[in-house]
Amino acid sequence: MLYFLCLILFCVGLYGVLRKRNLVKMIIGLGIMEYAMNLFFVLLGYRFDGRAPIYAKDQEILNMVDPLPQALVLTSIVIGLGVTALVISIAVRIYEKYGTFDITKIKRLKG
Amino acid sequence: MRNNPETGMTLIVKTITRLTVGLILLFGIYIILHGHLSPGGGFAGGVIVALSFVHLMLAFGKDIAVSRVSKNLASNLESIGALMFLSIALLGFLGGSFFLNILPKGTPFNLFSAGIIPLCNIAIGIKVGVGLFAIFLALVVLERSK
Amino acid sequence: MNNTTIIPLFVIIPLAAAFLISLVGKFIRRSSETIIFISSLVLLVFSLYARFLLNSSAGKIMIYKIGGWAPPFGICMVLDGLSCFMLITVNLIAFFVAVYSLSYMEQYTDKPKFFTLFSLMVCGMNGLIITGDLFNLFVFLEIASIASYALVAFGTEAEELEASFKYAIMGSVASAFIFIGIAFLYSFTSTLNMADMARVLSNKQNEWVIPFVGVLFLMGFGLKSALVPFHAWLPDAHPSAPASISAMLSGVLIKTLGIYSLIRIFFNIIGPTQGYLTVLMFLGAISMIVGVVLALSQWDLKRLLAYHSISQIGYVVLGIGLGTPLGVLGGLFHLFNHSVFKSLLFLNSGAVDYATGTRDLKETGGLGKLMPVTAKTNLVASMSIAGIPPFNGFFSKAIIIIACLEKGNFGYAICAVIGSILTLASFMKVQKFAFLGEIKDKFKNIKEAPFAMLFSMVCLAIICIFGGLMLIPSLRFFLDDAVAVILKGTGYASVVLEAAAK
């Protein structure tokens with residue numbers, strides 16, 4: 001059931017990227033998409049009644065959730081941060097040059 | 001931190017910021033140093049360190065934050081952090097393999113344990129902290145330049 | 001310190017170079033140029049040396065275990081025939097492009113930043129090629145992609161920013177698909193090591209996971225390599241970058257990020273079935289025709305070249321999609337040749353741009369008299385890309401067409417021939433309007449490009465002329481080893497795991 005939630009979230013993000021005309025809204029759509037896939041990956045490693053995968057004193061290694069997806073998602077979040085920062089700075093520069101965020105008006109390149 | 005009413009936000013925000021910003025910075029450093037024992041580590045701690053500077057900038061205006069960490073210093077520190085991480089990894093060659101943990105492991109749950117992992121965390125913390133701050137600074141400067 | 005120590009150096013050297021440049025480049029004049037020159041030269045020498053080491057190693061495979069962890073649990077780096085082939089291609093082009101940029105980038109400000117990003121891109125590509133871990137592949141792919149987004153926007157003119165934005169959005173969507181594909185594969189096989197994954201997949205039966213993941217990867221890597229339904233970003237992004245970066249993007253980036261990853265995943269992990277091969281062949285044939293037809297009507301020199309990249313990538317995918325030894329050989333050989341001549345063409349267009357300040361074919365003309373070297377190298381590259389006999393492009397295209405006929409796919413063979421003829425027509429136009437004819441008055445005083453630029457252009461032209469020699473038996477091991485890795489399919493798993501167990 002939760003997987004479907006991820007799917008819906010992903011589709012919302014994809015809709016934002018493909019359908020919106022505002023550059024900033026497209027970037028937000030991209031962010032939503034990234035969160036959806038991170039959530040999905042963390043869910044894959046989840047098990048019921050699991051606990052956080054931390055090796056602590058006086059605790060046996062039992063019933064831990066899978067720690068690997070969490071490490072991978074952390075990497076993916078960092079990558080997402082880099083992409084978002086870059087795209088936002090490009091969008092700001094575009095605003096300086098064109099004076100608008102509307103992609104229908106930003107059309108100096110011919111298809 | 002002079003109290004210049006021309007820049008930044010209101011007095012309330014400035015007072016609270018002055019009280020908390022040191023704590024935030026300290027908390028970030030704590031997270032970095034305990035990365036091998038508890039959740040957190042270089043990236044999370046580095047983000048918190050960066051947030052403390054961002055906080056300063058939001059409350060007091062751009063100039064004060066820049067006077068603490070200038071843009072050049074930030075980008076240099078970022079390169080140094082990355083090179084530090086790489087050289088820690090290269091140290092593994094002394095033991096025969098890239099990224100090999102050559103330092104003594106120590107006993108688990110002590111602060112000085114786990115070999116090179118705390119050092120890696122510090123390097124990542126430096127890189128992420130100043131890197132994130134540099135991104136924020138660049139975006140703010142970009143906006144002001146219009 | 002044994003032989004395998006060379007493998008991680010392909011990642012370490014460009015990474016160290018990138019951050020050293022950003023650290024000292026601002027303070028010491030010409031330090032960034034020195035560092036980039038030395039690092040790319042060292043990388044080129046090391047990749048050739050790795051080829052030599054590979055010949056002497058048992059089973060033609062070398063494994064490096066990072067941190068001493070054994071493969072199914074730790075990350076390993078794998079150097080086999082295919083990786084070595086790609087490494088040499090990437091580092092060869094990267095070296096010549098770096099030399100070229102020494103002079104070319106004089107017209108831009110802030111060279112240290114440019115070389116930092118350039119080194120990061122090379123680091124991403126090298127890492128992607130040698131890694132043996134699926135998630136590591138994704139990370140390196142993102143390093144290379146992010147560096148290339150920034151490089152496309154390097155000029156910060158309106159068009160460049162627009163192209164870069166488009167490229168970044170498309171690239172991120174592609175990465176999202178790839179990431180989800182990796183997530184599915186991980187949940188299905190519970191491992192991320194590529195060899196181990198192939199082993200688990202061959203023992204497990206499932207009706208829907210594999211085709212589903214296949215489609216996700218095809219979309220993701222298809223977007224990265226600009227196959228035809230997903231090609232919209234390429235003709236904007238590639239011409240907008242500085243010419244040396246266009247050469248890198250068209251020459252090696254789309255091949256490493258797109259084609260190499262596609263081959264690795266489809267042939268070595270999932271295992272080739274007839275269905276995938278048919279899809280690849282079909283996409284290749286469409287790309288071939290659509291790319292060249294769109295290129296015919298272009299007047300902007302670099303835009304024309306970008307459309308030709310789509311078309312030539314089509315040839316590579318068609319050759320590999322055939323799945324026969326001859327087809328794969330042709331595809332890989334064309335991949336190498338295309339890297340060489342497309343980089344050369346972009347570097348030439350950069351030289352024209354550098355000298356005249358325009359890339360519009362309607363405005364140029366008669367440059368052949370004033371820029372003799374550029375005109376000649378451009379002639380060589382055009383002949384190669386169009387497939388005129390003594391040049392390398394002829395041999396690879398001929399092999400692909402023969403392989404099509406051998407397999408009985410006459411339709412695809414005809415497509416390939418038509419594509420080749422249209423390519424010739426399009427490059428006749430370039431020669432005529434750029435280098436032949438009368439000199440326009442305003443270009444009377446232009447000079448030939450500086451020495452560093454000419455050096456790389458001439459070297460690449462020489463490789464174009466003698467590239468066909470790679471088919472003679474004593475040099476063919478270079479291609480044959482790569483072909484052997486692809487044809488081995490999921491047998492890759494047992495080879496890697498055995499080599500790692502030693």
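So that the names make sense, note that chain A is the first sequence line, chain B the second, and so on, each numbered from 1. Quick caveat: nothing in here was measured; it's all calculated off a predicted structure.
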Contacts under 3.5 angstrom, residues 4-31 of chain A side chains, donor-acceptor by atom type, not counting sequence neighbours:
unit_1: A:Asn22; atom_1: OD1; unit_2: A:Val24; atom_2: N; d: 2.9

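For A:Leu86, no part lies under 4.5 angstrom from a heavy atom of chain B.
No more than 12 heavy atoms of other residues, nucleotides or ligands sit less than 6.0 Å from atom CD1 of B:Ile12.
Separating the CD1 atom in A:Ile88 from the CD1 atom in B:Ile135 is a distance of 9.5 Å, to the nearest 0.5 Å.
Within residues 69-78 of chain A, the residues having any heavy atom less than 4.5 Å from a heavy atom of chain B are, in residue-number order, A:Leu74, A:Val78.
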